[in-house]
*Asks:* 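Okay, here's the structure, questions in a sec.
FYI, side chains are in, hydrogens and waters are out, and symmetry mates aren't considered; it's all heavy atoms of this structure. Predicted model only: the values in this text are computed from it and were never measured. Sequential numbering from 1 along the given sequence is applied to the chain's residues.
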Amino acid sequence: MTEDGIIKVLLVDDQPLLRMGFRLILEGEDDFSVVGEASDGIEAIGLVAELQPDVVLMDVRMSGMDGIEATRHISSSGSEARVIILTTFDLDEYAFSGLQAGASAFLLKDVAPTELVHAVRLVASGDAVVAPRVTQRLLETYVRGGHAPGHAAPTHRDPLLDELTPRETEILTTIAEGLSNAEIAHKFFLSEATVKTHVRRILSKLQLRDRVQVVVYAYETGLVVPSNPDY
């Protein structure tokens with residue numbers, strides 16, 4: 001984010017009309033600047049390094065390098081850019097793979113303009129998961145029974161969990177359940193500022209980028225079990 005609070009966005013999609021639609025929506029807001037567009041994953045990686053956007057809107061299904069592989073490259077490169085995966089279906093294994101690869105959220109391509117704007121602001125802030133309960137449903141669908149792409153049941157407890165205090169472990173579980181900071185504060189009779197401090201410490205100790213990665217981590221390590229196996 002620039003010093004004047006402008007959120008820099010990179011659009012990545014192989015459909016020019018979709019990129020144009022998102023550009024018109026975002027540039028209608030005073031706090032957004034669309035700094036570039038890419039039509040495939042390889043182009044996206046180069047533009048992320050060159051333009052250093054805050055948020056990347058990334059289509060998953062593109063010819064050449066798809067959005068999943070591009071997201072993996074961006075996340076592992078040390079870039080501060082946060083990726084929002086764009087998908088056509090809400091229960092899409094590509095969207096799940098995007099979260100595994102390091103994306104901060106996913107949105108449906110037919111998202112309402114107001115929801116798109118709100119989602120980009122949330123992800124840029126780093127404090128929230130976009131549509132946490134939809135994300136939870138996606139995770140439950142693909143993690144239960146080992147159906148997730150590339151997923152294997154955990155064979156041992158992650159030693160990093162031993163770094164957490166009992167309170168942090170409780171809060172980790174509630175994040176994985178999709179609770180917001182306000183809901184966590186209410187549940188544990190804490191201030192939202194205290195919850196934010198706990199969340200930051202959890203991210204640091206578990207070496208995770210943001211809240212959605214906490215959700216993925218909790219499911220993949222078996223810390224949280226899908227609530228409805230017959231979903």
*Asks:* Run the side chain to side chain donor-acceptor pair (under 3.5 Å) check on Ser191 and Thr194 step by step: do they pass?
*Replies:* CA-CA 5 Å; Ser191 69; Thr194 298; 2.8 Å; yes
*Asks:* Please find the pair of heavy atoms, one from Val214 and one from Ile202, that lie closest to each other, and give the distance.
*Replies:*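 Residues Val214 and Ile202, closest heavy atoms: CG2-CG2, 4.5 Å.
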*Asks:* Do you know which of Arg61, Arg23, Lys109 makes salt bridge (charged side-chain N to carboxylate O under 4.0 Å, His left out) with Asp13?
*Replies:*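 For Asp13, the salt bridge (charged side-chain N to carboxylate O under 4.0 Å, His left out) test succeeds with only one of Arg61, Arg23, Lys109, which is Lys109.
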*Asks:* Is Leu160 close to Lys205 at the side-chain level, that is, under 4.5 Å between some pair of heavy atoms?
*Replies:*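 Not in contact.
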*Asks:* Where do Ile6 and Ser33 come nearest, in terms of heavy atoms and distance?
*Replies:*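 Taking every non-hydrogen atom into account, CG2-CB, 3.6 Å.
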*Asks:* When Val83 is tested against each of Thr71, Leu57, Val55 for side-chain contact (heavy atoms from CB on, under 4.5 Å), which residue passes?
*Replies:*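 Going through Thr71, Leu57, Val55 one by one, the side-chain contact (heavy atoms from CB on, under 4.5 Å) with Val83 is satisfied by Thr71 alone.
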*Asks:* Just how far is it from atom OG of Ser77 to atom CZ of Arg72, taken to the nearest 0.5 Å?
*Replies:*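 Rounded to the nearest 0.5 Å, the OG-CZ separation comes out at 13.0 Å.
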*Asks:* Where is the tightest heavy-atom contact between Val9 and Pro53, given as atom of each residue plus distance?
*Replies:*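 Taking Val9 first and Pro53 second, the nearest heavy atoms are C-CB, 4.4 Å.
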*Asks:* Measure across Ala105 and Val123 and return the closest heavy-atom pair with its distance rounded to 0.1 Å.
*Replies:*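 It is CB-CG2, 4.0 Å.
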*Asks:* State, yes or no, whether a side-chain contact exists between Glu37 and Glu43 at a heavy-atom distance under 4.5 Å.
*Replies:*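 Glu37 does not reach Glu43 side chain to side chain.
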*Asks:* Just so I know, are the side chains of Asp59 and Ile85 near enough to count as touching, which here means a heavy-atom distance under 4.5 Å?
*Replies:*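 A side-chain contact under 4.5 Å is absent here.
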*Asks:* Using side chain to side chain contact (heavy atoms under 4.5 Å, CB included), reason through Thr174 and Lys187 one step at a time and then give a plain yes or no.
*Replies:* CA-CA 9 Å; Thr174 59; Lys187 180 181 179 72; 3.7 Å; yes
*Asks:* Which is it for Val12 and Arg19 under the side chain to side chain contact (heavy atoms under 4.5 Å, CB included) test, yes or no, and what are the steps along the way?
*Replies:* CA-CA 7 Å; Val12 185; Arg19 297 200 307 267; over 6 Å; no
*Asks:* Using a cut-off of 6.0 Å, state whether more than 12 heavy atoms not belonging to Asp162 lie near its atom CG.
*Replies:*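 Correct, the count exceeds 12.
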*Asks:* When rounded to the nearest 0.5 angstrom, what distance separates OG1 in Thr87 from CE in Met58?
*Replies:*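 Interatomic distance, Thr87 OG1 to Met58 CE, rounded to 0.5 Å: 13.5 Å.
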*Asks:* Decide side chain to side chain contact (heavy atoms under 4.5 Å, CB included) for Gln52 and Glu80; before the verdict, give the C-alpha distance in whole Å, the side-chain angles of both, and the deciding distance to 0.1 Å.
*Replies:* CA-CA 8 Å; Gln52 299 184 18; Glu80 294 295 322; over 6 Å; no
*Asks:* So Phe106 and Leu86, do their side chains get closer than 4.5 Å, heavy atoms only?
*Replies:*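 A side-chain contact is absent here, since even the closest heavy-atom pair is not under 4.5 Å.
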*Asks:* Does a sphere of radius 6.0 Å around CD in Glu170 hold more than 12 heavy atoms from other residues, nucleotides or ligands, not counting ones at 6.0 Å or beyond?
*Replies:*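 Atom CD in Glu170 is packed in, count exceeds 12.
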*Asks:* Treat each ILVMFWY residue as a node, draw an edge where side-chain heavy atoms are under 4.5 Å apart, and state whether Val35 and Met20 are in one component.
*Replies:*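 In one cluster: no.
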*Asks:* Check whether any side-chain heavy atom of Lys196 sits under 4.5 Å from a side-chain heavy atom of Arg200, and report yes or no.
*Replies:*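 Answer yes - side chains close enough.
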*Asks:* Quick one: are Phe32 and Val117 in side-chain contact, heavy atoms under 4.5 Å?
*Replies:*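 Of all side-chain heavy-atom pairs linking Val117 with Phe32, at least one is under 4.5 Å.
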*Asks:* Roughly how far, to the nearest 0.5 Å, is the CG atom of Leu11 from the OG atom of Ser39?
*Replies:*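 Going from the OG atom of Ser39 to the CG atom of Leu11 covers 12.0 Å.
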*Asks:* How long is the span from the CD atom in Glu192 to the CG atom in Asn181, to the nearest 0.5 Å?
*Replies:*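 Separation between the atoms: 6.0 Å.
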*Asks:* At their closest point, which heavy atom of Leu208 faces which heavy atom of Gln213, and how far apart are they?
*Replies:*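 Taking every non-hydrogen atom into account, CD1-O, 3.9 Å.
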*Asks:* Taking only residues two or more places apart in sequence or in another chain, which ones pass salt bridge (charged side-chain N to carboxylate O under 4.0 Å, His left out) with Asp14?
*Replies:*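 For Asp14, no residue satisfies salt bridge (charged side-chain N to carboxylate O under 4.0 Å, His left out) once neighbours in sequence are set aside.
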*Asks:* With side chain to side chain donor-acceptor pair (under 3.5 Å) as the test, would you mind laying out the steps for Asp210 and Ser104 before giving the verdict?
*Replies:* CA-CA 7 Å; Asp210 53 33; Ser104 295; 2.3 Å; yes
*Asks:* Quick one: do Phe22 and Leu24 end up in the same hydrophobic cluster if we chain Ile, Leu, Val, Met, Phe, Trp and Tyr together by side-chain heavy atoms under 4.5 Å apart?
*Replies:*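 The answer is no; the residues belong to distinct hydrophobic clusters.
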*Asks:* To the closest 0.5 Å, what do you measure between CD (Glu163) and OG1 (Thr169)?
*Replies:*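 OG1 of Thr169 is found 11.0 Å from CD of Glu163.
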*Asks:* Taking all atoms of both residues into account, what is the closest heavy-atom pair of Leu107 and Leu116, and its distance?
*Replies:*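 Taking every non-hydrogen atom into account, CD1-CD1, 3.9 Å.
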*Asks:* Below 4.5 Å, heavy atoms only, C-beta onward: do Leu206 and Leu172 meet side chain to side chain?
*Replies:*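 Leu206 vs Leu172: side chains touch.
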*Asks:* Is it true that Asp54 and Arg82 have a side-chain N and a carboxylate O under 4.0 angstrom from each other?
*Replies:*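 Result for this pair is no, no salt bridge flagged.
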*Asks:* Under 3.5 Å, side chain of Glu183 to main-chain N/O of Ser180, donor-acceptor pair present?
*Replies:*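 Yes, Glu183 side chain to Ser180 backbone: donor-acceptor pair under 3.5 Å.
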*Asks:* Find out whether Ile175 and Val199 are in side-chain contact, i.e. whether some heavy atom of one side chain is under 4.5 Å from a heavy atom of the other.
*Replies:*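 Touching, per the 4.5 Å side-chain cut-off.
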*Asks:* First locate atom NE2 of His73, then atom CD1 of Ile42, and finally report the distance between them rounded to the nearest 0.5 Å.
*Replies:*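 Taking NE2 in His73 and CD1 in Ile42, the distance rounds to 8.5 Å.
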*Asks:* Is it the case that the side chain of Glu168 and the backbone of Thr165 share a donor-acceptor pair, with hydrogens and angles ignored and the cut-off at 3.5 Å?
*Replies:*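 Pair found, side chain donor or acceptor close to backbone of Thr165.
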*Asks:* Take Asp31 and Arg121 through the side chain to side chain contact (heavy atoms under 4.5 Å, CB included) test and state the conclusion after the steps.
*Replies:* CA-CA 9 Å; Asp31 56 339; Arg121 287 189 181 126; 2.7 Å; yes
